[in-house]
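Only one structure is covered here, and it is reproduced in the block below.
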2 protein chains.
Amino acid sequence: MPSDPSGPDWKPLRRASAHELVIGAIEEQIAAGALTVGDLLPPERELAARLGVSRAGVREAVRVLESHGVLRSRPGVDGGTFVTPVPREALTRFLRLHIALSNFALEDVVDARVVLERASAARAATSHAEDGMTVMREALERMEAPGVSREDFNAADTAFHSGLAEASGSAVSAALTVSIRTALRGLILAAMQRSTSWEAVSDQLRAEHRAIYDAVAAGHGELAAELVERHIRSAADDLHLDPAAPGGRLSPWQ
Amino acid sequence: MPSDPSGPDWKPLRRASAHELVIGAIEEQIAAGALTVGDLLPPERELAARLGVSRAGVREAVRVLESHGVLRSRPGVDGGTFVTPVPREALTRFLRLHIALSNFALEDVVDARVVLERASAARAATSHAEDGMTVMREALERMEAPGVSREDFNAADTAFHSGLAEASGSAVSAALTVSIRTALRGLILAAMQRSTSWEAVSDQLRAEHRAIYDAVAAGHGELAAELVERHIRSAADDLHLDPAAPGGRLSPWQ
DNA sequence: TCGTTTCATTGGTCTGACCGCTAGATGGAC
DNA sequence: GTCCATCTAGCGGTCAGACCAATGAAACGA
């Protein structure tokens, strides 16, 4: 019997798999600063030999980090696997998958959007980062073009919210915002496609977007935040409660 | 010469790699609702044969989805690869990697934390989800235990903010909050380890956490949000400006 | 000198093999 | 009949080796 009354506390000792070891090794180099954006990794064959694993193990690790937007591979003599800085696609895929799996309730996703975009709007009203404002203006023009298709409208809608997030000047919030909106893109487009009163709906959306832009441009942060929240929630309601949709949380994809 | 003045607009035709096709196929099944949490995928060999790719391609795809918290594999006759709902680890690794790569400036990470946790605090004050409140209380007790180590203090600090996020009742915000705090864990712990005035610093942190908890428990949402923001920003300043740290954004890891 | 060909290097893919793990079938001891 | 140890089939985990595809640079010829 051990002297410690609480017991020796054996830890489970989960033997790490080969590819996890490789991921850990690469992550370690990144954390230590020995690998930064633009750097080239050793060839797969060499890295496998150095780490004492097979090439398959290295490749699986590279795939994982690639899917996280950390690495990118290219064949060719000048090619190789190098460190890259493109986090958004990974975040989008992540959210899209988990939304599809209902691991995240649509309601909670909307709540998160409201929190992030309210903050974005409020900050954008004071910072006015020109890139984002331009993106928003162009998106408005595309939405207001005569005879715009629902696909194009949805793309412009996504771009508008991306621009708003960019205009806020905070990269992390912007990445989260854009990823959430992009992950929802398919759902929103499906709802738009189903809409039987598209003219009225799109007029409404155009007016809301325009009002948000004006509030931001005029520097009215609190108003912009309020408009964004109402816009997101009413759009979500339309998405959620569309009478043409069969029941169920993720019905548009079924 | 093409009749269209803008040109035929050749798209690059990026040939999708085998594992991307497999990921797409699995994602498609998930989006269609044919695969949900708990479901078992076909054996790797069979799936490879059905999709017309090698087992390596299937395995690379499974690895990627596994790293996103969507699949999990287990050997054994009853084992297999099944759909699983554990998004947080994946989100944490993602953020940790990109913070380490300086793809996300620490300042922006802190901004995002402020936005998310202000909202969490305000909501927690009205919702009072009991799970989260209990987690916060226990974390406070651990922080206030005599002779607590810096590691344990940091773990309790993380737990406190997790509890706050849980108490807000919104799963997505909570996942984002917890992941950000966990991704910063190493940095914060390093800063704590370096601290030459740990007694004073930890007293300060204990007081701030206690004040936040009291404000939430008393239902003072706006006060709680304000306290959380000040707490996060002052802690970030200590982390960032610690005189013992060498210059540079990610110095604690260098 | 300039264009063409060849070549070496790298990732991309596939094949086939063997290992370790584990629930369930098997079979023997009582 | 019951219970326990053993065996077995099927699965993921890993590996080695081979060949394909892409690419830039060096070698070569007009």
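The chains referred to below are lettered A, B, ... by the order of the sequence lines, with proteins before strands, and numbering in each begins at 1. A quick note: this is a predicted structure, and the numbers were derived from the prediction, not measured.
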Would you mind reading off the distance between [X] atom [atom1] and [N] atom [atom2], rounded to a whole angstrom?
X: B:Leu21; N: C:dT13; atom1: CG; atom2: P; answer: 9 Å
X: B:Arg74; N: C:dC21; atom1: CZ; atom2: C1'; answer: 11 Å
X: B:Glu60; N: D:dG12; atom1: CD; atom2: P; answer: 16 Å
X: B:Leu40; N: D:dG10; atom1: CG; atom2: C1'; answer: 12 Å
X: B:Leu41; N: D:dC11; atom1: CG; atom2: P; answer: 13 Å

Just checking [X]: base, sugar-phosphate only, or nothing, at a heavy-atom cut-off of under 4.0 Å?
X: A:Arg59; result: base
X: A:Gly80; result: sugar-phosphate
X: B:Arg72; result: nothing

| Close side-chain approach of B:Arg185 to B:Asn154, heavy-atom, < 4.5 Å |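 A side-chain contact under 4.5 Å exists here.
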| query | Pick from A:Thr84, A:Val86, A:Ile30: which one makes a side-chain contact (heavy atoms from CB on, under 4.5 Å) with A:Val70? | reply |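 Output: one option passes, namely A:Ile30.
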| said: Expected output is a numbered-order residue list: members of residues 44-58 of chain B with a heavy atom under 4.0 Å from any atom of DNA chain D. What is it? | reply: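 Heavy-atom contacts with DNA chain D come from B:Glu44, B:Arg45, B:Arg55.
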| query | Between CD of A:Glu60 and CG of A:Leu65, what distance do you get to the nearest 0.5 Å? | reply |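 These two atoms lie 12.0 Å from each other.
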| message | Working to the nearest 0.5 angstrom, can you tell me the gap between A:Ser73 OG and A:Arg63 CZ? | response |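 Taking OG in A:Ser73 and CZ in A:Arg63, the distance rounds to 6.5 Å.
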| Does A:Ala18 or B:Gly76 map to a spot on DNA chain D nearer the 5' end, using the closest nucleotide for each? |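 Here B:Gly76 is the residue nearer the 5' end.
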| query | Which residue, B:Val62 or A:Asp78, contacts DNA chain D at a nucleotide closer to its 5' end, judged by nearest heavy atom? | reply |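 The answer here is B:Val62.
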| task | Heavy atoms only: give me the nearest A:Met192-A:Arg150 pair and the separation to one decimal. | result |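 Distance-wise, the nearest heavy atoms are O-NH1, 2.8 Å.
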Side chain of [X] only, heavy atoms from C-beta on: which candidate in [options] is closest?
X: B:Thr81; options: D:dG12, D:dG13, D:dC15; answer: D:dG12
X: A:Pro75; options: C:dT10, C:dT13, D:dT14; answer: C:dT10
X: A:His19; options: D:dG12, D:dT14, C:dG11; answer: D:dT14

| field | A:His98/B:His68 aromatic ring centres below 6.0 Å | value |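 No, too far apart.
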| said: Test salt bridge (Lys or Arg N to Asp or Glu O under 4.0 Å) on B:Glu27 and A:Arg96; report intermediate values, then the result. | reply: CA-CA 9 Å; B:Glu27 217 173 321; A:Arg96 192 177 59 226; 2.5 Å; yes
